[in-house]
Amino acid sequence: MIDTELLRNICIRRIRSDEPIPFRLLLDADPSWNAVSKYLESSEIHIALLNNKIIASMVLYPLAQATLEIKNIAVASEFQGRGIGQRLLKEATQIAVAKTASNIIIGTSNSSIGQLYLYQKTGFEITDIKYNFFLDNYPEPIIENGIQCKHMIMLRKFVCSCFT
Ligand code: ACO
């Protein structure tokens with residue numbers, strides 16, 4: 001449920017170079033340290049703060065001039081389910097428009113039922129399946145919602161820059 005009071009009190013902005021990278025959050029969304037450290041090199045990290053404490057993060061990677069990829073999105077567990085994820089996805093749309101990108105992509109596992117629901121609810125459409133992505137790239141089996149995480153489901157949302 002949307003917590004309007006909480007959303008009113010958070011501040012979302014790009015992380016500063018003197019601030020610590022919120023690795024716990026990043027690894028919550030993507031347990032592969034290898035993958036995270038690789039895409040962080042060329043990405044922007046955006047954070048949500050409450051009372052100056054980081055409670056959520058989002059990593060944006062410029063895949064191509066027209067395409068921004070949300071590589072990683074995470075909300076601290078005690079703040080999940082209160083609308084921050086949706087707010088970050090909206091922020092990503094605004095950032096994409098500001099960068100004159102025409103679309104945003106995001107990938108998640110076949111077993112991430114809540115995430116697939118959230119992304120489709122916020123306007124993303126499934127475009128592609130990277131078969132066996134998690135089997136081929138992650139050393140340990142991952143089980144979520146009683147389902148083995150095997151394939152990466154890719155979703156895309158077109159954004160409109162016509163009003164910028
Ligand atoms: N299980 C069940 N439902 C979920 C889940 C889930 N894991 N995640 C989101 N939802 C649903 C909520 O019930 C809510 O539905 P409603 O509005 O109809 O009630 C809706 O999706 C949106 O919820 P928000 O409160 O806006 O999302 P939240 O602040 O919880 O952020 C996020 C969503 C980022 C997925 C958060 O739950 C999280 O950090 N999860 C752990 C890390 C993770 O899985 N990150 C995404 C991996 S994929 C990637 O990073 C590209």
Side-chain angles (χ1 to χ4, degrees), residues 1-13 15 21-51 53-64 67-96 101 103-130 133-135 137-138 140-157 159:
M1 224 168 62
I2 301 289
D3 183 339
T4 42
E5 179 68 15
L6 172 68
L7 295 181
R8 228 195 324 269
N9 287 307
I10 62 170
C11 156
I12 299 176
R13 61 163 171 79
I15 201 166
I21 292 173
F23 283 115
R24 279 177 69 162
L25 282 170
L26 301 184
L27 291 170
D28 206 18
D30 184 346
S32 166
W33 167 246
N34 258 352
V36 172
S37 54
K38 219 176 268 173
Y39 57 67
L40 275 190
E41 283 173 17
S42 324
S43 301
E44 288 181 3
I45 304 176
H46 293 258
I47 48 176
L49 298 119
L50 179 69
N51 301 326
K53 204 175 149 245
I54 299 176
I55 59 164
S57 60
M58 177 171 68
V59 177
L60 301 178
Y61 177 83
L63 190 66
T67 307
L68 200 60
E69 179 168 359
I70 302 173
K71 281 282 190 189
N72 190 303
I73 178 168
V75 175
S77 55
E78 63 271 39
F79 293 101
Q80 287 176 11
R82 295 163 69 178
I84 299 176
Q86 287 169 78
R87 175 73 170 274
L88 284 172
L89 292 168
K90 202 170 166 189
E91 182 80 9
T93 301
Q94 288 166 355
I95 293 167
N103 63 95
I104 311 176
I105 64 168
I106 191 163
T108 195
S109 157
N110 61 287
S111 54
S112 297
I113 307 301
Q115 290 81 343
L116 284 167
Y117 161 75
L118 171 61
Y119 303 150
Q120 290 176 88
K121 180 177 150 155
T122 53
F124 288 82
E125 300 250 359
I126 294 174
T127 53
D128 192 17
I129 300 175
K130 294 182 181 172
F133 179 88
F134 292 97
L135 300 180
N137 293 286
Y138 288 69
E140 303 291 332
I142 305 168
I143 308 290
E144 202 185 2
N145 299 310
I147 306 166
Q148 185 166 11
C149 166
K150 293 181 183 169
H151 317 299
M152 174 85 91
I153 313 292
M154 298 304 303
L155 302 98
R156 181 184 305 272
K157 179 182 177 180
V159 299

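All heavy atoms count here, side chains included; hydrogens, waters and symmetry mates do not. Counting starts at 1 for both ligands and their atoms, following the listed order.
- When only non-hydrogen protein atoms are considered, atom 48 (S) of ligand 1 lies nearest to Tyr119 OH, 3.4 Å.
- A pairwise comparison of heavy atoms in Ala48 and Ile10 identifies CB-CD1, 4.4 Å as the closest pair.
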query: Between Arg82 and Met1, is a side chain to side chain contact (heavy atoms under 4.5 Å, CB included) present by the stated rule, with each step listed?
result: CA-CA 5 Å; Arg82 295 163 69 178; Met1 224 168 62; over 6 Å; no
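- Checked against Ile105 for a side-chain contact (heavy atoms from CB on, under 4.5 Å), the options Leu63, Ile70, Leu68 give a single hit: Leu63.
- When heavy-atom distances to ligand 1 are checked against a 4.0 Å cut-off, Ile70 comes that close only through its backbone atoms N, CA, C and O.
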When the side chains of residues 86-96 are checked against the rest of the protein, which donor-acceptor pairs come out under 3.5 Å, sequence neighbours left out?
residue: Arg87; atom: NH1; partner: Leu7; partner atom: O; Å: 3.2
residue: Thr93; atom: OG1; partner: Leu89; partner atom: O; Å: 3.1
residue: Thr93; atom: OG1; partner: Lys157; partner atom: NZ; Å: 3.2

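- Of the options Leu26, Ile153, Asp28, Leu6, the smallest heavy-atom separation from atom 42 (C) of ligand 1 is shown by Asp28.
- Considering Lys71, Met152, Gln86, Glu144 only, the shortest heavy-atom separation from atom 26 (O) of ligand 1 involves Gln86.
- A side-chain donor from one of Tyr39 and Asn72 sits under 3.5 Å from a side-chain acceptor of the other.
- When only interatomic distances are considered, the shortest N/O to N/O separation between Val75 and ligand 1 falls below 3.5 Å.
- No side-chain donor-acceptor contact under 3.5 Å links Asp30 to the backbone of Val36.
- In the model, Asn103 has a side-chain atom that pairs as donor or acceptor with a side-chain atom of Thr67 under 3.5 Å.
- Annotation: atom 13 (O) of ligand 1 to nearest protein heavy atom, Tyr117 CE2, 4.7 Å.
- No hydrogens or angles considered: nothing links the side chains of Ser111 and Gln148 as a donor-acceptor pair under 3.5 Å.
- Proximity of Lys121 to ligand 1, defined as any heavy-atom pair under 4.0 Å, is confined to the side chain (atoms from C-beta onward).
- Given atom 35 (C) of ligand 1, the protein heavy atom at minimum distance is Gln115 CG, 3.8 Å.
- Counted within 6.0 Å of CD on Glu140, heavy atoms from surrounding residues, nucleotides or ligands total 12 or fewer; the atom is thus considered open.
- Where the criterion is an N or O separation shorter than 3.5 Å, residue side chain and backbone included, Arg82 meets it with respect to ligand 1.
- Nearest protein heavy-atom contact of atom 19 (O) of ligand 1 is Met1 N, 4.0 Å.
- Closest heavy-atom approach to atom 8 (N) of ligand 1 among the candidates Gly114, Ala56, Gly107: Gly114.
- Taking any N or O of Ile73, backbone or side chain, at least one lies under 3.5 Å from an N or O belonging to ligand 1.
- Residue Asp30 places no heavy atom under 4.0 Å from ligand 1.
- Annotation: Gly81 places an N or O atom under 3.5 Å from an N or O atom of ligand 1; distance criterion only.
- Checking only distances, Gly83 does come within under 3.5 Å of ligand 1, N or O to N or O.
- In this structure Phe133 satisfies the ring pair (Phe, Tyr, Trp, His ring centres under 6.0 Å) test with no other residue, sequence neighbours excluded.
- With hydrogens left out, the protein atom closest to atom 40 (N) of ligand 1 is Gln80 NE2, 3.5 Å, a heavy atom.
- Considering backbone and side-chain atoms together, Phe79 places no N or O closer than 3.5 Å to any N or O of ligand 1.
- Listed here is the closest heavy atom pair of Ile2 and Gly83: CD1-CA, 3.7 Å.
- Numbered from 1 in the order shown, with element, the atoms of ligand 1 that lie under 4.0 Å from a heavy atom of Gly85 read 26 (O), 27 (O), 28 (P), 29 (O), 31 (O).
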